[in-house]
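The structure appears below as structure tokens.
For the numbers below, each heavy atom of this structure counts, side chains included, while hydrogens, waters and symmetry mates do not. The chains referred to below are lettered A, B, ... by the order of the sequence lines, with proteins before strands, and numbering in each begins at 1.
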Amino acid sequence: MTHDDTLAAALAGDGFLLFDGAMGTQLQERGLAAGELPELLCLSAPDQITAVHAAYVAAGADVVTTNTFGANAAKLGDAASVEEVFSAAVACARAARPRYVAADIGPTGQLLEPMGTLAFDDAYELFARQARAADAAGADLFVIETMADLAEAKAALLAVRENSDLPVLVTMTFQEDGRTFLGTTPEVAAVTLSALGADAVGINCSLGPRDVAPLVERMLPWASCPVMAQANAGLPRVEGGETRYDVGPEEYAAAVAGMLDAGVTIVGGCCGTTPAHIAAERSLLAGRRPAPRALRNCFAVAGPQRLVALAPGQVGVIGERINPTGKRKMKEALRSGNHDHVIAEAMAQERSGAQVLDVNAGLPEIDERAVMCRLVSELLSVTTLPLQIDSSDPAVVEAAVRSYPGKALINSVNGKAASLAAVVPIAARYGCALVGLTLDEDGIPATAEGRLAVARKIVAATDAAGIPRHDVAIDCLAMAASTDQTAPRAILDAIRAVKSELPGVRTVLGVSNISFGLPFRPLLNATFLAAALGAGLDLAIINPGVRRMMDVVDSWRVLSGEDEQARFYVEHYADRSDAPGAAPSPAGEKDAVPAPAAGLPADPVERARALVLDGRSEPMGEAMAEVLLGHDALFSINEVLVPALDEVGRRFEDGSFFLPQLMASAEAAKAGFEVVRAAAAPGDAAAAGKGEVVVCTVKGDIHDIGKNIVRMLLENYGFDVIDLGRDVDPEVVVRTVEERHVRLAGLSALMTTTVPAMAETIELLRERAPWCKVVVGGAVLTPEYAQMVGADFYAKDATETARIASEVLG
Amino acid sequence: MASAREDYDVRSVERGEVLRYLGYAGQALTPELDARIDEVVAHCLAICRPRGVTRVFGVAGRGEKGGVPVLRLSGTALELAGRSIAEHLEGAVAVGVLAVTVGMGAEAELRRLSLTDPTAQVIFDAAGTAAVERAADAAEASVVAEAHERGLFCGTRFSPGYGDLPLSTQPVLLDALDAGRLLGIRLSPALLMSPTKSVTAVVGLFERPRPEAHASCAGCPCRDFCVLLRAGSTCRG
């Protein structure tokens, strides 16, 4: 193998690299049948594969890409081993005598959790095997391509980096709307993958070169590595049964020229491109030099669909609410596993203007790592905001950020040697931004100079680990003014000192500690926040639901010039006033008082029953509050809500209600229960639960509608439902049942192909938790089927499940 | 490897169809629930992005594998096994293969609603099913148009998992249409498609009109998407 320095220069951004064009469409022209695994041709017709490669080499390509797009163990099945295919594929490529052979890795073909069923670690294993096979076969570099899911791209990139020392280039595929199928933008892909250590990032496939050009140009300011583009030869169309691509070599090269002018340095082609396209690109590159690029100097974090980037002078809001410290309901939610409250807090903070959400699951009695990972997965489904992973346990942080589909913010490292040694490498390895607390073995320094000294120590460590300064945010730690009135000034001085003495580094602050021990805390918090912003604070960790705090942020953005022409401010504050009677309307709170329910009984008991039957949640709280004026909790539940629910169940069974009516009634009843429980004295037996029930959809199945209906109804009847979600491993079910000695488990399966997973779960339950009864349901199940899988009960619908639960736990 | 992708204009679904998926049988609805159903259906249609891929393959031969009839197609590794599909495609000279989806956006919204609003999830799910069926109608219309060009006539759609056409047909069928790349459809080991609101199907192309399919434009599910009708003709001649 003789190598010149073309690759090294290209990866340094000092030179161009020309890849080859399409493999698949070339093979189709040579008679590959649709749906056939093209990778197997490396074994059965190596000469044909080499011929395709050789044509690209003759056209001037520096790199040929192995015919291994779908060569993962899941797709190949029994047809061939991953090692055989990569070995043959690299040999086919090498035989064409190219400068470099790039091992090609495409998507697994499966959808990753939480939307799909493939676990991140399992995807990683599929890719790791490909990486080892390609490395052993003698490839020169890797190209991971056609990725639509940032989590999958991340799994592949980590798998290559951790199983090979070869360079690795990563490209994703985008639609006309500028997003991947899973909603990732070019900016998010560039920020996340370059921070994670990709040697180049870019776009392949997708669209024709004219449509790819503006998308790949959006990557350029955000990628700290070379940017590449391999577009299709236009959009495919079918003509007389043949698939055709319309963009010829000259037109293709003309569009590529624009990309080169913008700063793209690695090019080639994807579907529909031919050796002629590559030859046209080769002529284009002759005599050119890479165009200069300007990278953004921004603090940047990203969720899979949203980039949050702060240029110097811009300020950001981190929502602090998902943290159990001092919050009873949050503690309860994390302990019980019922995360409705967490999800509601996340959505409320997003509505109120948070740009990043802090997530903390630190409670001594729970498995913090498991809870954190589940929270992250759920939050990814309900909010697009990037997350700040907040834990004092580096193992928890690593578990959460490793599979996070984006660029997370880690909270936090501090100046202690042990913390620096444990946390900084995690941030560097996974390309995260990092909060650094100014405390060390000697505690929190009282002075600004002392805090700056700790900050220096932290930044020295992040500099050494290669973490860019704009990804480091120093927290100068707010201390209570009530215990030391010199503390606020010291903090503000420390912020100024960090900003001036450690150029490029950002600052962050959890603001509310300042007011600890004093009355009317929001006012002190707001005043201090304004002062901190004036001192140069970049990121405020606050409760964005407190209007006063967001008022400070929004008004500061006008004064700092961030809110250009005060557009946001004018739009949102034009109607605000401090005049008496013009009370500010807190964000997220409804202004209108619900109109009294017309046509309903005046007697609150009758009205509450009627509202449940009508499925009207809004007036329910008021009606139950009235019921509670004259009755106790026991009466409210047993004589009002439960009989109404029973009637709902009867109507559903006899067909006078259909599903949405059942659910609307369940919602109304739930609203009623919440009022009763909130009013009940602690330990009031009537308001306490009737026992725990585990529910889930079994492994491999992601249909959760039936399970969700069952959950709603069981909760209505006062059971404490532990909802394990969908696609749940049998081991997780059994462990939960064992740990809490749960007496009833409800399993749901919607597909014949997932019924065996149900049988497997029941078998494991019988073995390890013989006390637990099992009720099963789902579209494909019948009483006979239920018996066959070994269940105790078959429930044809949710109301029957509720009846069975009462029987087992009553 | 690619076949052409089409975007379908599904602006509405039949409210009656959505209600049917929800188990509706004439119950009296409160105005609140009525409005809520309309709202969620509109929300669903706004998020859905119906798209599809179709290809027509000639029938290469009929045989048997392990006692089960197998239909082989030319130019593809796709084989259709089972008695029910053999019967459905008896006499067909070509087969249209289609895959459609309403996209990952709707899937993500279903997941979000599952965690935040189960009632809306149920309605959204039914609306999504109605929408993807409309997309399948549109894809079928494309096959009908292609059949018409060839002087052939279409039967009705048949999907893997119906009768004894095994779900294990899915991997090759989706690969034959390049549905992963073009539509973003993924397949789980349990052979479940993601987005779940996706449909695959095959349609027979015959030399004579079929009495059971496309017999009149009035009752034809493809009507709204039919290019022949728009051009003033029909697929029957």
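Looking at B/Asp164, its side chain does come within 3.5 Å of a backbone N or O of B/Ser84 through a donor-acceptor pair. In terms of modelled atom types and a separation under 3.5 Å, the side chain of A/Ser665 and the main chain of A/Gln661 share a donor-acceptor contact. With A/Thr753 contributing its side chain and B/Ala190 its backbone, the two residues share a donor-acceptor pair below 3.5 Å. Judged by distance alone, with hydrogens and angles left aside, the side-chain atoms of B/Ser194 form no donor-acceptor pair with the main-chain N or O of B/Thr196 at under 3.5 Å. Using modelled atom types, one side-chain atom of A/Asp701 and one backbone atom of A/Leu750 make a donor-acceptor pair closer than 3.5 Å.
By number of non-hydrogen pairs under 4.5 angstrom with chain A, the leading residue of B/Gln121, B/Gln27, B/Met193, B/Glu6 is B/Gln27. The most heavy-atom pairs under 4.5 Å with chain B, out of A/Ile705, A/Thr383, A/Asp614, A/Leu659, come from A/Ile705. Here A/Ser381 is the residue among A/Ser381, A/Gly272, A/Gly31 with the most heavy-atom pairs under 4.5 Å with chain B. Ranked by heavy-atom pairs under 4.5 Å with chain B, the first of A/Ile702, A/Thr173, A/Leu118, A/Leu235 is A/Ile702. By number of non-hydrogen pairs under 4.5 angstrom with chain A, the leading residue of B/Ala126, B/Pro195, B/Gly105, B/Pro189 is B/Pro189. For the options B/Arg112, B/Glu107, B/Arg111, heavy-atom pairs under 4.5 Å to chain A are most numerous at B/Arg111. Among B/Ser188, B/Gly180, B/Gly75, the residue with the largest count of heavy-atom pairs under 4.5 Å with chain A is B/Gly75. The residue among A/Gly615, A/Ala148, A/Pro114 with the most heavy atom pairs within less than 4.5 Å of chain B is A/Pro114. Taking chain B as the reference chain and counting heavy-atom pairs below 4.5 Å, the highest number among A/Arg651, A/Met712, A/Glu667 is found for A/Glu667. Most heavy-atom pairs under 4.5 Å with chain A: of the set B/Pro171, B/Ala28, B/Pro118, this distinction falls to B/Pro118. Among B/Glu149, B/Glu109, B/Arg51, the residue making the largest number of heavy-atom pairs under 4.5 Å with chain A is B/Arg51. Note on A/Gly116, A/Ser656, A/Ala664: by heavy-atom pairs under 4.5 Å with chain B, the leading option is A/Ser656.
Heavy atoms of A/Lys75 lying under 4.5 Å from chain B belong exclusively to its side chain. With a 4.5 angstrom heavy-atom cutoff, B/Thr119 touches chain A via backbone and side-chain atoms both. Residue A/Arg711 does not touch chain B at all, counting heavy-atom pairs closer than 4.5 Å. Contacts of B/Ala120 with chain A are absent, with no heavy-atom separation under 4.5 Å from either backbone or side chain. Using a 4.5 Å cut-off between heavy atoms, B/Glu32 touches chain A through its side chain atoms alone. For a residue to count as touching a neighbouring chain, one of its non-hydrogen atoms must lie under 4.5 Å from one of that chain's; by this rule A/Glu378 touches chain B with backbone and side chain alike. Both the backbone and the side chain of B/Leu115 have a heavy atom closer than 4.5 Å to some heavy atom of chain A. Heavy-atom distances place the side chain of B/Thr116, and not its backbone, under 4.5 Å from chain A. For a residue to count as touching a neighbouring chain, one of its non-hydrogen atoms must lie under 4.5 Å from one of that chain's; by this rule B/Leu113 does not touch chain A. Contact of B/Ile37 with chain A is made through the side chain alone, with heavy-atom distances under 4.5 Å. For A/His339, no part lies under 4.5 angstrom from a heavy atom of chain B. For A/Glu29, no part lies near chain B; criterion is any non-hydrogen pair under 4.5 Å.
Electrostatic pairing of B/Asp9 and B/Arg11 counts as a salt bridge here, judged by a charged N lying under 4.0 Å from a carboxylate O. At a threshold of 4.0 Å, the pair B/Lys65-B/Glu79 counts as salt-bridged, since one of the basic side-chain nitrogens sits closer than that to a carboxylate oxygen. Using a 4.0 Å cut-off between charged side-chain N and carboxylate O, B/Arg186 and A/Asp149 make no salt bridge.
A distance of 8.5 Å separates NZ of A/Lys707 from OG of A/Ser748, quoted to the nearest 0.5 Å.
Taking the ring axis of A/Phe69 as reference, the NZ or CZ atom of B/Arg181 stays within 45° of it and closer than 6.0 Å to the ring centre.
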Original post:
Should A/Lys670 and A/Asp340 be marked as a salt bridge (charged side-chain N to carboxylate O under 4.0 Å, His left out) after you check the CA-CA gap, both sets of side-chain angles, and the distance that decides it?
Top reply: CA-CA 13 Å; A/Lys670 187 178 179 192; A/Asp340 289 355; 3.7 Å; yes
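Among residues at least two apart or in separate chains, ring pair (Phe, Tyr, Trp, His ring centres under 6.0 Å) pairs with a member in residues 99-132 of chain B are B/His43-B/Phe124.
When every heavy atom of B/Val143 is checked against every heavy atom of B/Gly96, the shortest pair comes out as CG1-CA, 3.9 Å.
Aromatic ring centroids of B/Phe153 and B/Phe206 lie 6.0 Å or more apart.
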